[in-house]
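Residue numbers count from 1 along this sequence.
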Amino acid sequence: MAGVILVLLPHVLGPSTVGLATESLGSIGWLLVAGGAVLLWLASYGPGAMDPEARADEAVRGRRGRAGVRLRDAADPIPEARPVIASAQVPSAVSVAPRPTSWGPDVLDVVEWRRLEALVEALFRQAGFETRSQSHGADGGVDVWLHTPLAPEKPVGVVQCKHHRRPVGVDKVRELRGVMAAHGVGRGQFVSTAGFTPDALAFGRANEINLLDGAALLALISRRTAEQQASLLAVATEGEFWRPTCARCGIKMAERTARNGGRPFWGCVNYPGCRSTLQVRSSQLGVEREERVADAHGPA
């Protein structure tokens with residue numbers, strides 16, 4: 001800026017005012033302009049320059065800071081993260097399981113929560129029900145509404161699914177019973193791949209809620225014809241069946257890793273607009289870990 005001012009100053013004041021200093025000021029100004037251009041290039045593209053993604057991150061944090069939004073700090077439970085680049089230099093930390101070709105416990109272990117819901121919905125359609133569901137967002141405590149062709153407007157049953165690593169507790173089953181009472185529905189189904197606590201089992205038996213763990217779900221599938229079982233397997237393993245869906249946005253999540261080189265996790269591709277995260281399952285890393293979701297809906 002100083003160089004530009006010195007270059008323009010002789011033209012503004014005129015040669016009669018500046019006198020013999022006109023040529024000197026112009027030369028000094030052009031030297032400052034050239035030096036500033038070199039420094040700007042080094043800051044943007046030279047050694048040690050910040051990469052474009054980092055500059056974008058800094059710009060986003062700066063806007064949030066000016067808007068008065070609390071910035072994430074070291075005390076937050078989930079560190080700020082960036083996508084892991086799938087390349088030879090930065091290999092993926094996630095081990096993708098091969099697509100299952102037959103039914104077994106491994107299928108329920110490798111599929112993500114949205115594929116589990118789609119599988120359960122397809123299973124009830126094969127049983128003759130008309131089903132209604134939504135792919136993401138707040139579900140009101142129900143993943144699938146069951147209807148009959150004779151009374152398509154009023155639901156006759158509700159289904160809730162949880163792709164958990166720990167047994168579902170009685171509180172979740174109570175929530176489903178509350179939805180049943182509010183809508184006058186007499187039939188409830190709760191599917192949990194990790195099973196249920198003893199209190200949850202007792203509450204389900206006393207309140208007409210059929211609780212299905214992974215083994216019970218596989219038993220139902222085994223009673224279908226070979227063609228129906230193949231159709232259900234195709235639903236469960238459709239697309240990137242192993243990559244979790246963002247429960248809030250309804251789109252596939254991206255593999256991310258903490259800036260400090262911490263454990264990999266799944267993050268929504270709409271970050272920072274959506275901060276939903278999910279830990280990579282132990283079956284994909286070969287290390288025993290708990291699954292955790294930072295969202296009210298979904299597999300947590």
Side chain to side chain, Val144 and Val158, heavy atoms closer than 4.5 Å: no
Within residues 191-210 or reaching into it, pairs that qualify as ring-ring contact (aromatic ring centres under 6.0 Å, His included) - sequence neighbours excluded: Phe190-Phe196
I need the Cys268 SG to Leu278 CG distance, nearest 0.5 Å. 11.5 Å
Ala230: side-chain contact (heavy atoms from CB on, under 4.5 Å) partners, not counting sequence neighbours: none
Partner set under side-chain hydrogen bond (donor to acceptor under 3.5 Å, both in side chains) for Glu240, not counting sequence neighbours: Arg243
So do the side chains of Cys246 and Asn270 get within less than 4.5 Å of each other, counting heavy atoms only? no
Residues at least two apart in sequence or cross-chain that pass side-chain contact (heavy atoms from CB on, under 4.5 Å) with Thr101, listed by chain then number, are none
Glu238 meets the salt bridge (Lys or Arg N to Asp or Glu O under 4.0 Å) criterion, sequence neighbours left out, with Arg115
Would you check, one step at a time, whether the test side-chain contact (heavy atoms from CB on, under 4.5 Å) holds for Leu233 with Val107? CA-CA 9 Å; Leu233 186 61; Val107 178; 4.2 Å; yes
Results of side-chain contact (heavy atoms from CB on, under 4.5 Å) for Ala127 - residues two or more places apart only: Phe129, Arg224
Mind checking ring pair (Phe, Tyr, Trp, His ring centres under 6.0 Å) for His183 and listing every partner two or more places apart, or none if nothing turns up? Trp145
According to side-chain hydrogen bond (donor to acceptor under 3.5 Å, both in side chains), who are the partners of Lys154, at least two apart in sequence or on a separate chain? none
Is the side chain of Gln228 donor-acceptor paired with the backbone N or O of Thr225 at a distance under 3.5 Å, no angle test? yes
What side chain to side chain donor-acceptor pair (under 3.5 Å) pairs are there with at least one residue in residues 186-211, not counting sequence neighbours? Gln189-Asn210
For Arg99, enumerate each residue passing the side-chain hydrogen bond (donor to acceptor under 3.5 Å, both in side chains) test, keeping only those at least two apart in sequence or located in another chain. none
Are any of the side-chain heavy atoms of Arg165 and Asp109 separated by less than 4.5 Å? yes
Is any side-chain heavy atom of Val159 closer than 4.5 Å to one of Val142? no
